[in-house]
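Working notes, structure below.
Please read these numbers as outputs of a predicted model, since none were measured by experiment. As a basis for the values below, the full set of heavy atoms in this structure was taken, side chains included, without hydrogen atoms, waters or symmetry mates. Each chain gets a letter, A, B and so on, in the order its sequence line appears, and its residues count up from 1.
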There are 2 protein chains.
Amino acid sequence: MRNVSTKTVGRLSQYRRIFMNLYAQGQTHVHSQQLADAAGMGAAQVRRDLMALEAVGTPAKGYPTAQVLEQLNDFFGVAEKQHLALAGVGNLGRALLAYLGERRPSTPIMAAFDADPEKTYKEIQGCTCYPVDWMEDLVEKFKITIAIIAVPGDAAQGVTDRFVTGGVRGILNFAPVPLRVPSDVYVEYLDITMLLDKVTYFAGNAQVPTSSDVES
Amino acid sequence: MRNVSTKTVGRLSQYRRIFMNLYAQGQTHVHSQQLADAAGMGAAQVRRDLMALEAVGTPAKGYPTAQVLEQLNDFFGVAEKQHLALAGVGNLGRALLAYLGERRPSTPIMAAFDADPEKTYKEIQGCTCYPVDWMEDLVEKFKITIAIIAVPGDAAQGVTDRFVTGGVRGILNFAPVPLRVPSDVYVEYLDITMLLDKVTYFAGNAQVPTSSDVES
DNA sequence: ATTGCATTGTGAGAAATTTCACAATAAACT
DNA sequence: AGTTTATTGTGAAATTTCTCACAATGCAAT
Ligand SMILES: NC(=O)c1ccc[n+]([C@@H]2O[C@H](COP(=O)([O-])OP(=O)(O)OC[C@H]3O[C@@H](n4cnc5c(N)ncnc54)[C@H](O)[C@@H]3O)[C@@H](O)[C@H]2O)c1
Ligand SMILES: NC(=O)c1ccc[n+]([C@@H]2O[C@H](COP(=O)([O-])OP(=O)(O)OC[C@H]3O[C@@H](n4cnc5c(N)ncnc54)[C@H](O)[C@@H]3O)[C@@H](O)[C@H]2O)c1
């Protein structure tokens, strides 16, 4: 498969959500223009992105919903479940547990970790919280490949190291610090403060950039 | 001032946090290489970004911490407070209220809004929650220019319209839907599901992209 | 069957963004 | 005062990303 840029991967995720809706509604085909409208981008962009899947549409009917949805699911490896863990069961961590617990059956949350003894050995939002000393062992035992980091900034590198030692291959980091990881571990950063600063900046300025980009 | 790209604005926010730390630690000067290390990027990138501020450093000492921090604060308009409001006091909304309440004195949260009568007219995390019918009026009355949207996807456009009518100029949207807004309103999207999909994809693949980008 | 038509797939061009690389320069040292 | 040295500021090249534009295509209508 062609090398797919991280931006394209992000948009394919958005298309997947749209295709799930279309499929649920019984719509059998969809045009790139409709997809573009639903995703808030241009039709050429959509077609270019779908090329990465080797998805094919026909000029008259557009893209077949069921088929492309399957290609998208394959692309994101829905069949091969990946196990997930969370570090930091604070305000944000709890919200994430509540949100991700129900949805996303292909990436079940197997464990949460926290340094606070008040929280350990308890079930929080349907997920057991373990002490941080168990991280390496449990990550390996549960075959956890994805980690979410929601601890304070100064604890982030520490839990990252333990996750990586245990065998984690991808990280979603909410802490506002860059993480040092081996080059084969993927890190996605989500810095809410930075995003708010961007909004603050453009809200206080006359010239807003033409097309708002959907990314992180 | 030169037109500054949204990516550069995001990185300037990161630099600002680093400069605040450096300043608090009493470090009077900093080199682009140090900044680059602290922010997880290249030194040339840092220097290029700082050009947008018209910040000047000297070859021998680097950038003067206090002065550049002030320029960054000016850039983000810290002096002119902008008022903030939240729509959707659910799991995520509460976490955000808890987090943003203390920090960010330059963008105080003036109000929260929720459709659930159980939540309205109560103080949650130090912020009063009002019914959605009050949105237009209170946004105008409190001079709210920034909104955070943390309602379910199908309610997002509705609250957006009310915010915009009230006079909001910038939006941070956690709901996974594109928002239709006038062209002079800036929207920043934060789609956690999409980011997790990206991590899932790269965690399940051998070739991780070389440099992980800090954005959204 | 043929025609007409809107849409796909994609090469090529445009635009945005990052990186290189080096002259200019400010401090430290002799 | 002059020399050395490391770093800034920034054109220009390189790379990445997006957009345009159109030939090829598949369906519907006649
Ligand atoms: N809550 C938000 O809306 C929000 C917004 C922006 C950024 N963030 C970031 O997300 C992270 C978490 O935020 P929060 O609001 O949930 O904080 P919080 O203080 O509510 O929770 C942090 C949790 O991490 C645990 N913890 C601390 N050190 C640990 C360690 N070494 N190992 C394991 N667990 C440890 C604490 O016990 C606590 O339960 C922070 O980095 C914060 O900057 C949060
Ligand atoms: N919680 C997370 O970690 C998380 C993760 C990813 C995405 N999100 C997104 O963030 C948003 C909120 O998520 P959540 O987990 O907090 O959901 P939630 O169900 O806990 O909270 C949603 C809140 O919005 C309120 N609401 C519903 N309709 C409304 C309306 N028309 N006007 C005003 N308020 C209304 C509800 O009363 C509720 O309090 C959703 O769009 C969700 O997709 C959340």
Side-chain angles (χ1 to χ4, degrees), chain A residues 1-12 14-15 19 22 27-65 67-68 71 178 198 207-216, chain B residues 1-12 14-15 19 22 27-65 67-68 71 178 198 207-216:
Chain A
M1 171 165 294
R2 245 232 340 278
N3 240 28
V4 186
S5 78
T6 123
K7 288 202 167 177
T8 296
V9 173
R11 286 188 299 260
L12 287 173
Q14 300 183 258
Y15 305 150
F19 270 95
L22 294 173
Q27 192 173 327
T28 62
H29 291 78
V30 62
H31 288 160
S32 61
Q33 185 57 59
Q34 284 181 264
L35 285 171
D37 292 344
M41 53 192 59
Q45 180 77 84
V46 170
R47 294 201 299 277
R48 180 70 65 187
D49 289 334
L50 290 179
M51 281 177 70
L53 298 177
E54 292 161 51
V56 290
T58 63
K61 298 198 148 191
Y63 296 91
T65 312
Q67 198 184 120
V68 176
Q71 288 176 288
K198 284 172 75 170
Q207 80 286 14
V208 170
T210 41
S211 174
S212 40
D213 44 359
V214 183
E215 166 112 7
S216 39
Chain B
M1 173 164 297
R2 241 228 349 272
N3 239 28
V4 186
S5 78
T6 122
K7 289 201 168 178
T8 295
V9 174
R11 285 188 300 260
L12 288 174
Q14 300 183 255
Y15 305 150
F19 270 96
L22 294 173
Q27 191 173 327
T28 61
H29 291 78
V30 61
H31 287 158
S32 60
Q33 184 58 60
Q34 286 180 262
L35 285 171
D37 292 345
M41 52 190 60
Q45 179 78 84
V46 171
R47 294 201 299 276
R48 178 71 65 190
D49 289 335
L50 291 180
M51 280 176 71
L53 298 176
E54 292 161 52
V56 289
T58 64
K61 299 197 147 191
Y63 297 91
T65 313
Q67 198 184 123
V68 177
Q71 288 176 288
K198 284 173 76 171
Q207 80 287 13
V208 169
T210 42
S211 175
S212 40
D213 45 357
V214 182
E215 168 109 6
S216 65

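B/Tyr63 and B/Val68 get closest at one heavy-atom pair: CB-CG2, 4.0 Å. Of all heavy-atom pairs between A/Phe19 and A/Thr65, the closest is CD2-O, 3.7 Å. The heavy-atom pair separating A/Pro64 from A/His29 by the smallest distance is CA-CD2, 3.7 Å.
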Can you give me every donor-acceptor pair (side chain of residues 33-41 of chain B, partner residue at least two apart or in another chain, under 3.5 Å) with its distance?
residue : atom : partner : partner atom : Å
B/Gln33 : NE2  : B/Asp37 : OD1          : 3.0
B/Gln34 : OE1  : B/His31 : N            : 3.2

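The CD-P distance, from B/Gln45 to C/dA21, rounds to 17 Å in whole Å. If you measure from atom CE of A/Met41 to atom C1' of D/dT19, you get 14 Å, rounded to the nearest angstrom. Taking atom CD on B/Glu54 and atom C1' on D/dT10, their separation rounds to 14 Å, with Å as the unit. Per the geometry, CG belonging to B/Asn3 stands 11 Å off P belonging to C/dT17, to the nearest Å. Rounded to whole angstrom, the span from the CG atom of B/Asp49 across to the P atom of C/dT19 amounts to 10 Å.
Note on the helix from C/dA1-D/dT30 to C/dT30-D/dA1: angle between the axes of the first and last five pairs equals 10°, rounded to 10 degrees.
Backbone-only engagement by A/Ser5 is indicated by non-hydrogen atom pairs under 4.0 Å involving sugar-phosphate atoms exclusively.
Considering CZ of B/Arg48 and OG of B/Ser32, their distance stands at 12.5 Å, rounded to 0.5 Å. Atom OG1 of A/Thr8 sits about 9.5 Å away from atom NZ of B/Lys198, to the nearest 0.5 Å.
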### Query
For nucleotides 3-13 of chain C, read 5' to 3', which letter fits each nucleotide if B means a protein heavy atom sits under 4.0 Å from the base, S means only the sugar-phosphate is that close, and - means neither?
----BBBBBB-
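Using a 4.5 Å heavy-atom cutoff, the side chains of A/Leu12 and A/Leu50 are in contact.
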